[in-house]
Colleague: 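Please see the structure below; I have some questions.
Not measured: the values here are computed from a predicted model.
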Amino acid sequence: MKVAFVMGSDSDLPVVEKGVKTVKDFGVEVEVRVISAHRTPYAAEKFARDAEKNGIGVIIAAAGKAAHLGGVIAAFTTLPVIGLPIKSSTMDGLDSLLSMVQMPPGIPVATVAIDGAENAGILAVQMLALSSPELKEKLALHKKNMAEKVAEKDAAVSARFQ
């Protein structure tokens, strides 16, 4: 199963690339596209309708401003959709965040923090791990490594003040 990253504009790519790297670090294949909910709605519909047969297991939809991409995609698929709000110049990404989390009943879009591409990637991998023991093990190791790094930093900071 692949994770698809769909962004409303290529200006979102610097944020999206962080999520792509996160997913690839777990050995999961990705597909990355630019599709606009407003400027190419038929392409968004086609992508969403065909996603599962194209081997996609989770879709991450990144968008700024009105940020309807995730909702439009979620309307046309039963796959899980993760919204990745992008910080825009208008309202520092709050507009994007609210557009994603305020979905009507029946069309959920799980949403991460503004510019939270790494967490979107981790969440997608966690969803895929529900049916992949190998991914589950990689996630457990990832959490263990994070904890070890914090413990090292804790020891270093504590030692400075003794």
Colleague: Are V20 and V6 connected into the same hydrophobic cluster when the rule is that any two of I, L, V, M, F, W, Y join if their side-chain heavy atoms are below 4.5 Å apart?
Modeller: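 Different clusters.
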Colleague: Report, one line per pair, each donor and acceptor closer than 3.5 Å where one atom sits in a side chain of residues 142-151; sequence neighbours left out.
Modeller:
{"unit_1": "K144", "atom_1": "NZ", "unit_2": "E148", "atom_2": "OE2", "d": "3.1"}
{"unit_1": "N145", "atom_1": "ND2", "unit_2": "L141", "atom_2": "O", "d": "3.4"}

Colleague: Is there a side chain to side chain contact (heavy atoms under 4.5 Å, CB included) between I122 and F26? Walk through the geometry before answering.
Modeller: CA-CA 9 Å; I122 293 286; F26 284 93; 3.6 Å; yes
Colleague: Which atom pair, heavy atoms only, marks the closest approach of D12 to A63?
Modeller: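 Heavy-atom minimum between the residues: OD2-CA, 4.0 Å.
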Colleague: Do T111 and L97 have side chains that get closer than 4.5 Å, going by heavy atoms?
Modeller: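 A side-chain contact under 4.5 Å exists here.
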Colleague: Sorted by first residue and then second, give each side-chain hydrogen bond (donor to acceptor under 3.5 Å, both in side chains) pair with at least one member in residues 117-136; sequence neighbours left out.
Modeller: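 As it turns out, the side-chain hydrogen bond (donor to acceptor under 3.5 Å, both in side chains) pairs with a partner in residues 117-136, which skip direct neighbours, are E134-K138.
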Colleague: Working to the nearest 0.5 angstrom, can you tell me the gap between K24 NZ and T22 OG1?
Modeller: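 Answer for the NZ-OG1 pair, K24 versus T22, is 12.0 Å.
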Colleague: Do any side-chain atoms of residues 75-88 form donor-acceptor pairs under 3.5 angstrom with protein atoms, and if so which ones, sequence neighbours left out?
Modeller:
{"unit_1": "T77", "atom_1": "OG1", "unit_2": "L79", "atom_2": "N", "d": "3.1"}

Colleague: Are V23 and L13 connected, step by step, through hydrophobic side chains (Ile, Leu, Val, Met, Phe, Trp, Tyr) whose heavy atoms are closer than 4.5 Å?
Modeller: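 V23 and L13: one cluster.
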Colleague: Given side chains that start at C-beta, do those of R49 and E45 come closer than 4.5 Å, heavy atoms only?
Modeller: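 In short, these two side chains touch, coming nearer than 4.5 Å.
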Colleague: Write down the atom of G70, the atom of A61, and the distance for their closest heavy-atom approach.
Modeller: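 Closest approach of G70 to A61, heavy atoms only: CA-CB, 3.5 Å.
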Colleague: Is any side-chain heavy atom of I60 closer than 4.5 Å to one of V3?
Modeller: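 Yes, their side chains come closer than 4.5 Å.
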Colleague: Between F47 and F5, is there a shared hydrophobic cluster once you connect ILVMFWY residues whose side-chain heavy atoms come closer than 4.5 Å?
Modeller: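 Per the 4.5 Å side-chain linkage, F47 and F5 are not co-clustered.
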Colleague: So, for V16 and A62, which heavy atoms are closest and what is the spacing to 0.1 Å?
Modeller: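 That closest heavy-atom pairing would be CG2-CB, 3.6 Å.
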Colleague: Listed by chain and number, what are the side chain to side chain contact (heavy atoms under 4.5 Å, CB included) partners of N54, not counting sequence neighbours?
Modeller: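 N54: side chain to side chain contact (heavy atoms under 4.5 Å, CB included) contacts with D50.
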Colleague: Look at the side-chain heavy atoms of Ile, Leu, Val, Met, Phe, Trp and Tyr, link any pair under 4.5 Å apart, and say whether I56 and V125 land in one connected group.
Modeller: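 Different clusters.
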Colleague: Run the side-chain donor-acceptor check on residues 28-44: report pairs under 3.5 Å with partners two or more places apart or on a different chain.
Modeller:
{"unit_1": "E31", "atom_1": "OE1", "unit_2": "K2", "atom_2": "NZ", "d": "3.2"}
{"unit_1": "S36", "atom_1": "OG", "unit_2": "H38", "atom_2": "N", "d": "3.2"}
{"unit_1": "S36", "atom_1": "OG", "unit_2": "R39", "atom_2": "N", "d": "2.8"}
{"unit_1": "H38", "atom_1": "NE2", "unit_2": "H68", "atom_2": "ND1", "d": "2.8"}
{"unit_1": "R39", "atom_1": "NH2", "unit_2": "G8", "atom_2": "O", "d": "3.1"}
{"unit_1": "T40", "atom_1": "OG1", "unit_2": "S36", "atom_2": "N", "d": "2.9"}
{"unit_1": "T40", "atom_1": "OG1", "unit_2": "S36", "atom_2": "O", "d": "3.0"}

Colleague: Given the rule that I, L, V, M, F, W and Y join up when any side-chain heavy atoms are under 4.5 Å apart, are V112 and M7 in one cluster?
Modeller: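 V112 clusters together with M7.
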Colleague: Rounded to the nearest 0.5 Å, what's the gap from CG on D115 to OG on S96? Could you check?
Modeller: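 These two atoms lie 8.5 Å from each other.
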Colleague: To the nearest 0.5 Å, how far apart are CG in L69 and OG in S99?
Modeller: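 Output value for this atom pair is 11.5 Å.
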Colleague: Please list, chain by chain and in numerical order, all residues satisfying side chain to side chain contact (heavy atoms under 4.5 Å, CB included) with M103, sequence neighbours excluded.
Modeller: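 With sequence neighbours excluded, M103 shows a side chain to side chain contact (heavy atoms under 4.5 Å, CB included) to I107, V109, given in chain and number order.
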